[in-house]
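Below is one structure; the comments refer to it alone.
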There are 4 protein chains.
Amino acid sequence: MISKFLSLESEKKNRILNAALKEFAQKGYKNGSTNEIVKSAEISKGLLFHYFKNKRELYLFLFDYCIEVLLDDFYNKINLSQSNIIERLRQFSMVKIKMLERYPDIIRFVEVAFKEDSIEVKNEIEERTNKLSDTNLKKAFEGIDVSRFKEGIDVEKAINIIIWTFEGISNTEIKKAKLTPLGKIDYDRIIDEADVYIEMFKEWFYK
Amino acid sequence: MISKFLSLESEKKNRILNAALKEFAQKGYKNGSTNEIVKSAEISKGLLFHYFKNKRELYLFLFDYCIEVLLDDFYNKINLSQSNIIERLRQFSMVKIKMLERYPDIIRFVEVAFKEDSIEVKNEIEERTNKLSDTNLKKAFEGIDVSRFKEGIDVEKAINIIIWTFEGISNTEIKKAKLTPLGKIDYDRIIDEADVYIEMFKEWFYK
Amino acid sequence: MISKFLSLESEKKNRILNAALKEFAQKGYKNGSTNEIVKSAEISKGLLFHYFKNKRELYLFLFDYCIEVLLDDFYNKINLSQSNIIERLRQFSMVKIKMLERYPDIIRFVEVAFKEDSIEVKNEIEERTNKLSDTNLKKAFEGIDVSRFKEGIDVEKAINIIIWTFEGISNTEIKKAKLTPLGKIDYDRIIDEADVYIEMFKEWFYK
Amino acid sequence: MISKFLSLESEKKNRILNAALKEFAQKGYKNGSTNEIVKSAEISKGLLFHYFKNKRELYLFLFDYCIEVLLDDFYNKINLSQSNIIERLRQFSMVKIKMLERYPDIIRFVEVAFKEDSIEVKNEIEERTNKLSDTNLKKAFEGIDVSRFKEGIDVEKAINIIIWTFEGISNTEIKKAKLTPLGKIDYDRIIDEADVYIEMFKEWFYK
DNA sequence: AATGAATGAGCCTTCATTCAT
DNA sequence: GATGAATGAAGGCTCATTCAT
């Protein structure tokens, strides 16, 4: 029945999508209420369950949909011909940040979904996440030129350090944002911060 | 009434503690069921609420209790006279890993609690977490000798990179372990892995 | 959602109304059980709370509904052009008695509601009661001709005596009825009884 | 076991009595909590049920005890040689008021008990109340001299009117008191008010 | 396609009462 | 006498899901 949902008129489809997105992003799987979703999407209870067999299917569909939207946009914005890995990782950070601005609800939902603990969806989400990492890591580092690294550097480990560091920066900033009244993320500060680390990595790893 | 609970005979106390721990670790605050807890602790409904005013008090008590257990053990195992920061961080990683073996449920619970989103306990948990970070970061880096770093290195950022890398290693290994049938963590591999990174850091950051 | 309830098919609506009425009349607010109500109305738990947000809203709705029914009928039966106060009070007593026959459950519920002590509804009920007294006392004594009273009589106090006496008669008779096996009220006796008092009052107060 | 309770040392007995009195006066039978009673009487749960088989027995005992205290004091204060009925009724009012000041908790409890609706105790209370009325009405009007009434007056009805009027005054004043912030009853006003009615009755009924 | 009334299992919590000590 | 841990039924309420229309 999801196919029927997909061929729905755009306006109503989006109303449903957004309502569900917001509800689950805010309250997680178990706590998210289909009641609230239909209310805020202004459709009837029955209709939701006409398109989606149950809450679980809706949630999982939403996850797949979000990932698709994000990945699509992500790779459109990445210049895969840039072979310098540090520059490419910098691009990743930039694009991530731009996407946070563009799809705040989707990103919120996906973030929350990643840490979802409800047994009912947990495994399914983890499975999809793992599949994603595999394919995408490969794609993300396609065409990377490794010859710039100093000899003697364990390249794989170096890349790990870079990735983990960028993750560390994001997480730290998000945590900070949570403590401020409005929860606004200061993107410019993150970019500046990241640049300092990037310089350190270049000096350390590159010839 | 929590005091009454604390002076309970060890066996029953542990039955209750473990039942609650497992339930909340698996399903989070909102989804965790006191029904299940009493069932698996083999006590009556009434008794749980004899000791704990409500679900929220039980959850928060559990959190405090777990943190106490973990911190106690953590600082017992750390040699605070080791002033070399990389060595101290290596100690942290080792101890963390040992604790994962020793208190798997407690650690699982605390991890889940940190990301708990239920409005009913979220703020309380965040507050406690912040208090903890403040006191413990200071304690953890007490007596650290910074003079070993090369001149020109941004020490704060260097430490961040080290910390995030160790976190990255742990998370990666835990993820790997989840995918294996028994979910066993291969501690020796982690230690070896970490050692390689440590050598890199020493070379990079130290005189 | 009460509006939905109101536009329900008469038969089911009445089943719910009567079930709630009887339960609360018998056991009061706190002790009245929504479980019992749904059981005796033969509807599901969920449905009751589909129509009424919670027990409190159901109770208060019931009160408003009863008052409306009673007042409507009351003023339909009173001849407001009768300006003789004693005659009007006699009418009141007669109508009251007729209504006791017609709406025994409603009257029972309202009586119990007036003396309800549960903090959760007490104030709300009192507030509504006060509003009612204000408007209705005026309406009840509209167009009353006071010139028939002997000079020197404190009219206000005289009216009080008359009202309290009629109340005393009703209460006494109701108490008597409770002691008889079937609890039947002997309306004819009450009317005769009241007439004797009315004669006394006329002689005493009127010119 | 109640006999054991009665021979308890005065201080503890009163602690229990008062705790129960206050709890039930405030919350009624069903809502009154034995938990609260033992807590405020500072005795153990078990002890309460050692003396009283169950909550019901405690409640009913309390009722009997209160009635006994009140009646004892009442008749001590009434001058049964006063044969003028209006004067005797005036005495009743005075004594009632004095007792309200002296035993506020007991009176509150008894008032609430009279209107108690819980099926578990309702009938028992009603039965006792009826027995009381019978014996006490006789005692209250013992030695009344009826010869002062004008001829042609239906004495029984006249007395009813007087009683109901005094009840009406009290109820009205209590209602008024409830609406003022502190709920204080203005005894002097009630006395003055009653006196006016008494004068009316004397003029009307007496030779 | 679309509605929303109806269901009932499950949730957290309270409480009188019992009983081993 | 005295304790208080232990019980479990019952309470109000929520919610995903179904189904007749």
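Below, chain A is the first sequence line, B the second, and so on; all start at residue 1. Everything quoted here is computed from the prediction, not taken from an experiment.
Heavy-atom neighbours of D:Lys53 NZ from other residues, nucleotides or ligands within 6.0 Å: at or below the threshold of 12. Around CD1 of B:Ile119, the count of heavy atoms belonging to other residues, nucleotides or ligands within 6.0 Å does not exceed 12.
Applying the salt bridge (Lys or Arg N to Asp or Glu O under 4.0 Å) test to every pair with at least one member in residues 30-45 of chain D, sequence neighbours left out, gives these pairs: D:Lys30-D:Glu120, D:Glu36-D:Lys39.
The distance between atom CE of B:Met1 and atom P of E:dT14, rounded to the nearest whole Å, is 12 Å. Taking atom NZ on A:Lys13 and atom C1' on E:dA1, their separation rounds to 16 Å, with Å as the unit. Distance D:Glu120 CD to E:dC15 C1': 12 Å, rounded to the nearest Å. Rounding to whole angstrom units, CD1 of residue A:Ile16 and C1' of E:dA2 are separated by 11 Å.
For the side chain to side chain contact (heavy atoms under 4.5 Å, CB included) criterion with D:Leu48, the lone passing option out of D:Asn35, D:Asn54, D:Val38 is D:Val38.
Applying a 4.0 Å cut-off to non-hydrogen atoms, the residues of residues 26-54 of chain A that approach DNA chain F are A:Gly32, A:Ser33, A:Thr34, A:Asn35, A:Lys45, A:Phe49, A:Asn54, listed by residue number.
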| task | Using a 3.5 Å limit on both pairing distances, list the dot-bracket string of DNA chain F from the 5' end; Watson-Crick and G-U wobble pairs count, crossing pairs take [ ], interstrand pairs take |. | result | .||||||||||||||||||||

Hey, can you pull the donor-acceptor pairs under 3.5 Å for the side chains in residues 17-29 of chain B, sequence neighbours left out?
residue, atom, partner, partner atom, Å
B:Asn18, ND2, B:Asn14, O, 3.1
B:Glu23, OE2, B:Lys27, NZ, 3.1
B:Glu23, OE2, B:Ser33, N, 2.9
B:Tyr29, OH, B:Arg56, N, 3.4

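Closest non-hydrogen pair, B:Phe63 versus B:Arg128, comes out as CE2-CB, 3.9 Å. Here the shortest heavy-atom pairing between B:Glu116 and B:Ser118 reads OE2-N, 3.2 Å.
Evaluation of the side-chain contact (heavy atoms from CB on, under 4.5 Å) rule for B:Ile2 yields B:Leu6, B:Phe52, B:Glu57, B:Phe61 as partners, not counting sequence neighbours.
The span of DNA chain F lying next to chain A, judged by atoms under 4.0 Å from heavy atoms, is bounded 5' to 3' by F:dA16 to F:dT18.
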| Run the salt bridge (Lys or Arg N to Asp or Glu O under 4.0 Å) check on B:Glu11 and B:Arg15 step by step: do they pass? | CA-CA 6 Å; B:Glu11 198 272 332; B:Arg15 244 166 44 219; 2.8 Å; yes

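Aromatic rings from D:Tyr59 and D:Phe109 are positioned such that their centres are separated by under 6.0 Å.
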